[in-house]
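Taking it in order: structure first as structure tokens, then the write-up.
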There are 2 protein chains.
Amino acid sequence: MKSQSFPKPGHDHERCVNSLMVHAETVCRKAGVRLTEQRRRVLEVIGRSHKATGAYDVLEAMEIKGRRTAPITVYRALDFLMSVGLVHRISCLNAFTACHYRHEQSPVQLLICKACGAVGELEEHKVTQAIQTAAAKAGFAIDEPFVEVTGKCAHCCTA
Amino acid sequence: MKSQSFPKPGHDHERCVNSLMVHAETVCRKAGVRLTEQRRRVLEVIGRSHKATGAYDVLEAMEIKGRRTAPITVYRALDFLMSVGLVHRISCLNAFTACHYRHEQSPVQLLICKACGAVGELEEHKVTQAIQTAAAKAGFAIDEPFVEVTGKCAHCCTA
DNA sequence: ATTCGTAACGTTATATTATAACAATTTCAA
DNA sequence: TTGAAATTGTTATAATATAACGTTACGAAT
Ligand SMILES: [Zn+2]
Ligand SMILES: [Zn+2]
Ligand SMILES: [Zn+2]
Ligand SMILES: [Zn+2]
């Protein structure tokens, strides 16, 4: 029901980043897990935009003076961040996006704008329920529903 | 609305394959596109099971006397088969599955059984509509909705 | 039947994404 | 303090996908 719109172009993204990192601390503390330096760095990089970010883009962005960490380091951090819901995987792009919202692990629908690359999120119970109902009719017990929708966001539609 | 159930274990799969290939001919003829030898071979391999098949599994299965075609050949055939709706991509698995059904390009929901690996398909308008409604509320113009659901199929639930 | 443009395929090389295996280090609590 | 578990480092490799370009096959028009 709680429908999160796309971030406006030109918004103060610093605030998104700050809020994201504070939120991350909270989430991890509550869950009794550790937001280590590596995990924080990866989240920071992914959070720098609302677009999908590839694992190797993260890797590159984390590079300090030509010294880069190994891919596995990024993937490990990503796995962790996904496990606590701070990052979503966008499987149709083999990429990732930071979750700037506050849903609590309930299924999300990802909207991917092909024009500007931004990723929006919906948390529509009706969608989840429709899937649930349809699956049940087929006797299928849902583990996890992945909904990824490509298209054009509101800002790009009017532009 | 038209809900396709999972194929029963032990069903006569030869019939599925035959039907699939006949259907493929029809579809291609109607669309005025060519179901070439390579494309046919790729579809045959993927159609051999109701499971998700990786591109390199196809490649391996197409091998004749140690002579294997190049990956690009398989990917090209896959792109073609997807374009005419004879194959679906399962992006959460980086794999593909033959479409044994007769929906006409309308959005499909893929059900992936983690127990037996089988892939079922739904064509629930209610799901598509719920997504459409939710997206519209956010001002998002849908290009294509991808719905992939992992879980346990009816046969594996009772087993 | 010949010609010509396009679609399909072959060939080689390479890009991109992701994980395996095992050692070293850090953390936290008993 | 010390020992088990979690995290990270290091090296190597697996798995998935595409680029570039030349050749062949097909089908329509002359
Ligand atoms: Zn922002
Ligand atoms: Zn956009
Ligand atoms: Zn079958
Ligand atoms: Zn099953």
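Quick note on labels: first sequence line is chain A, next is B, and so on, each numbered from 1. On a predicted model such as this, the values are computed, not experimentally measured, just so you know.
For A:Gln132, the side-chain contact (heavy atoms from CB on, under 4.5 Å) partners at least two apart in sequence or on another chain are A:Ala136, A:Ile142. Among residues two or more places apart in sequence or in another chain, the ring pair (Phe, Tyr, Trp, His ring centres under 6.0 Å) test is passed with A:Phe146 by none. B:His88 pairs by the ring pair (Phe, Tyr, Trp, His ring centres under 6.0 Å) definition with B:His103, not counting sequence neighbours.
Positionally, the nearest nucleotide of DNA chain D for A:Thr73 lies more toward the 5' end than for the other of B:Pro71 and A:Thr73. Both B:Tyr75 and A:Ala70 lie near DNA chain D, and the one whose nearest nucleotide falls closer to the 5' end is A:Ala70.
The nearest whole Å value for the distance from the CZ atom in B:Arg76 to the C1' atom in D:dA19 is 10 Å. Regarding A:Leu78, its CG atom lies at a distance of 15 Å from the C1' atom of D:dT8, rounded to whole Å.
Stacking here means ring centres nearer than 5.5 Å and ring planes tilted less than 30 degrees, and by that measure B:Tyr56 stacks onto D:dT16.
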Is there a side-chain hydrogen bond (donor to acceptor under 3.5 Å, both in side chains) between B:Thr26 and B:Arg102 once you walk through the steps?
CA-CA 11 Å; B:Thr26 309; B:Arg102 300 295 130 93; over 6 Å; no
Please list every donor-acceptor pair under 3.5 Å in which a side-chain atom of residues 148-158 of chain A meets a protein atom from a residue at least two apart or in another chain.
| residue | atom | partner | partner atom | Å |
| --- | --- | --- | --- | --- |
| A:Glu148 | OE1 | A:Ser91 | N | 3.4 |
| A:Glu148 | OE1 | A:Cys92 | N | 2.9 |
| A:Glu148 | OE2 | A:Ser91 | N | 2.8 |
| A:Glu148 | OE2 | A:Ser91 | OG | 3.0 |
| A:Thr150 | OG1 | B:Glu144 | N | 3.4 |
| A:Thr150 | OG1 | B:Glu144 | O | 3.2 |
| A:His155 | NE2 | A:Pro7 | O | 3.4 |
| A:Thr158 | OG1 | A:Ala154 | O | 3.4 |
| A:Thr158 | OG1 | A:His155 | O | 3.1 |

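When DNA chain C is scanned in the 5' to 3' direction for atoms under 4.0 Å from non-hydrogen atoms of chain B, the outermost contacting nucleotides are C:dA8 to C:dT12.
Using modelled atom types, one finds no donor on one side chain facing an acceptor on the other under 3.5 Å when comparing A:Gln38 with A:Thr73. Side chains of B:Thr36 and B:Arg41: no donor on one and acceptor on the other come within 3.5 Å.
For the segment residues 24-49 of chain B, the set of residues with a heavy atom within less than 4.0 Å of an atom of DNA chain D comprises B:Arg34, in numerical order. Shown for residues 86-95 of chain B: no residue has heavy atoms falling under 4.0 angstrom of DNA chain C.
Computed from C1' positions of five pairs at each end, the angle between the two local axes of the helix from C:dA1-D:dT30 to C:dA30-D:dT1 equals 30°, rounded to 10 degrees.
Residue pairs meeting the salt bridge (Lys or Arg N to Asp or Glu O under 4.0 Å) criterion with at least one partner in residues 9-28 of chain B, sequence neighbours excluded, are B:Glu25-B:Arg40. Here salt bridge (Lys or Arg N to Asp or Glu O under 4.0 Å) pairs that include residues 43-64 of chain B, with residues two or more places apart or in two chains, are B:Glu63-B:Arg68. Pairs passing the ring-ring contact (aromatic ring centres under 6.0 Å, His included) check and including a residue from residues 49-84 of chain B, sequence neighbours excluded, read B:His11-B:His50, B:His13-B:His50, B:His50-B:His100.
Here the closest non-hydrogen pair linking A:Gly47 and A:Val17 is O-CG2, 3.8 Å. Contact between B:Cys99 and B:Leu20 at its shortest, heavy atoms only, is O-CD1, 3.5 Å.
Counting any heavy atom pair closer than 4.0 Å across all strands shown, B:Arg68 reaches no nucleic acid atom.
Think of A:Ile112 as one node in a network of Ile, Leu, Val, Met, Phe, Trp and Tyr side chains linked at under 4.5 Å; its network also takes in A:Ile90, A:Leu93, A:Val108, A:Leu110, A:Val119.
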